[in-house]
Amino acid sequence: MNKITNSLLSLLFVALLSSCASSSKIIYLKDASQLNQQEIETKYDLHIKKDDMLSIIVNCKEPELAAPFNMQLSPAAFTGNNQVSNSYGTGSPQGFLVDSNGEIDYPIFGKMKVEGLTRMELAEKIQNLLEENGYIQNPVVNIKMINFKVSVLGEVTKPGVLKVDSERITLFEAISQAGDLTVYGRRHNVKVIREENGNRKVTEIDLGDPTLMYSPFYYLQQNDLVYVEPNKAKASQASYSAFWGTIISVLSLATTVGLYFAK
């Protein structure tokens, strides 16, 4: 009896140790409090890329002067939070698509190179063009990225595409909006897929590493894809399910054939 009791206690002790070890693997930013205070810089400023859709609104004291630069579409052209208004007319603003050459077709000025610029840099560029060519004095140009989105796939509660209303979203905010990782998600090997300068880059992220906050992938960019791999337990579970599914199918078929010939 004592041997059985000792064996059970040993098994319980091993289970507790395994539980503690596994729980330490699901902690985000472990020991982050030991890091020095970090000054937040504007490294998350978005740079315009091909296929971005830009809302460009020009405002000034004389709305009729800004009208040619604020072409309107019907309200049905935009939905949800993308609807914005301006100082001239009603409806939603024209969306300017950045083409494969990194350009937009802007009223009066025609093709304009915008790829690689930030929102503020492009606004300043348009302001200078309007003033230098005598169209508007002291214009105010507001630019917003209409189709800023990121995708979160894999072992999260709610995988899908996330629309971003602001210009900043962190990796943890995206995971939070996706309902957090499931218990089967590999927190130490999350992949972020990003396209930059015509190249596709895949980077592995350890959510438990507090130095992640210094990484250029801490702030996500438009069209980033976050993929959470399943851990070994989920992979094994899937293998067992497939194995037993095949066994059951074979047995079912064998039973059906046996009953047929037994008649």
Side-chain angles (χ1 to χ4, degrees), residues 39-61 63 65-73 77-89 91-133 135-151 161-171 173-174 177 192 194-199 201 215-226:
E39 181 179 354
I40 299 177
E41 302 177 3
T42 56
K43 292 181 179 179
Y44 56 83
D45 280 350
L46 300 179
H47 291 267
I48 298 171
K49 300 180 180 180
K50 297 179 179 66
D51 296 324
D52 284 346
M53 183 73 74
L54 305 176
S55 164
I56 304 177
I57 306 298
V58 178
N59 290 284
C60 64
K61 292 181 179 179
L65 296 179
F69 304 97
N70 291 332
M71 296 186 299
Q72 300 294 316
L73 296 178
F78 292 86
T79 59
N81 293 326
N82 292 334
Q83 290 189 0
V84 297
S85 60
N86 56 47
S87 61
Y88 184 85
S92 298
Q94 170 100 29
F96 294 91
L97 178 66
V98 183
D99 63 21
S100 58
N101 295 318
E103 301 175 332
I104 61 173
D105 193 359
Y106 196 67
I108 299 178
F109 295 108
K111 291 292 185 179
M112 181 185 300
K113 187 73 173 182
V114 299
E115 183 181 14
L117 300 178
T118 65
R119 179 178 60 87
M120 297 302 295
E121 289 171 343
L122 178 56
E124 183 178 356
K125 179 177 181 177
I126 294 176
Q127 288 171 353
N128 292 336
L129 286 173
L130 294 173
E131 289 185 317
E132 292 171 358
N133 289 276
Y135 288 102
I136 302 174
Q137 293 300 314
N138 300 317
V140 177
V141 180
N142 296 309
I143 299 177
K144 179 180 180 181
M145 190 172 298
I146 299 175
N147 62 342
F148 183 13
K149 66 183 185 301
V150 297
S151 302
V161 178
L162 307 177
K163 294 183 178 180
V164 184
D165 295 328
S166 65
E167 287 197 350
R168 184 180 81 168
I169 183 171
T170 68
L171 177 59
E173 287 173 331
Q177 291 186 38
V192 177
R194 174 173 297 174
E195 294 184 3
E196 288 183 319
N197 303 319
N199 298 312
K201 180 188 298 183
S215 167
F217 291 87
Y218 181 71
Y219 290 105
L220 297 179
Q221 297 183 11
Q222 63 270 41
N223 301 319
D224 276 357
L225 172 63
V226 180

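Partner V150 forms a side chain to side chain contact (heavy atoms under 4.5 Å, CB included) with one of V192, D224, V161, V226 and no other, that one being D224.
With hydrogens and angles disregarded, no donor-acceptor distance shorter than 3.5 Å links the side chain of D52 to the backbone of I48. Between the side chain of Q222 and the main chain of H47, a donor-acceptor pair closer than 3.5 Å is present. For E131 (side chain) and I136 (main-chain N/O), no donor-acceptor pair under 3.5 Å exists by modelled atom type.
For the pair M145 and M53, the minimum side-chain heavy-atom distance is 4.5 Å or more. For the pair L171 and F217, the minimum side-chain heavy-atom distance is 4.5 Å or more.
There is a side-chain donor-acceptor pair under 3.5 Å between K49 and Q221. A donor and an acceptor atom, one from each side chain of N223 and E195, are nowhere located under 3.5 Å apart.
Within 6.0 Å of atom CD in E121, more than 12 heavy atoms from other residues, nucleotides or ligands are found, so the atom counts as buried in its surroundings. The 12-atom threshold is exceeded at NZ of K113, counting heavy atoms of other residues, nucleotides or ligands nearer than 6.0 Å.
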Please assess L129 against Y135 for the test side-chain contact (heavy atoms from CB on, under 4.5 Å), listing each intermediate value before the final yes or no.
CA-CA 8 Å; L129 286 173; Y135 288 102; over 6 Å; no
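Evaluation of the salt bridge (charged side-chain N to carboxylate O under 4.0 Å, His left out) rule for K111 yields D99 as partners, not counting sequence neighbours.
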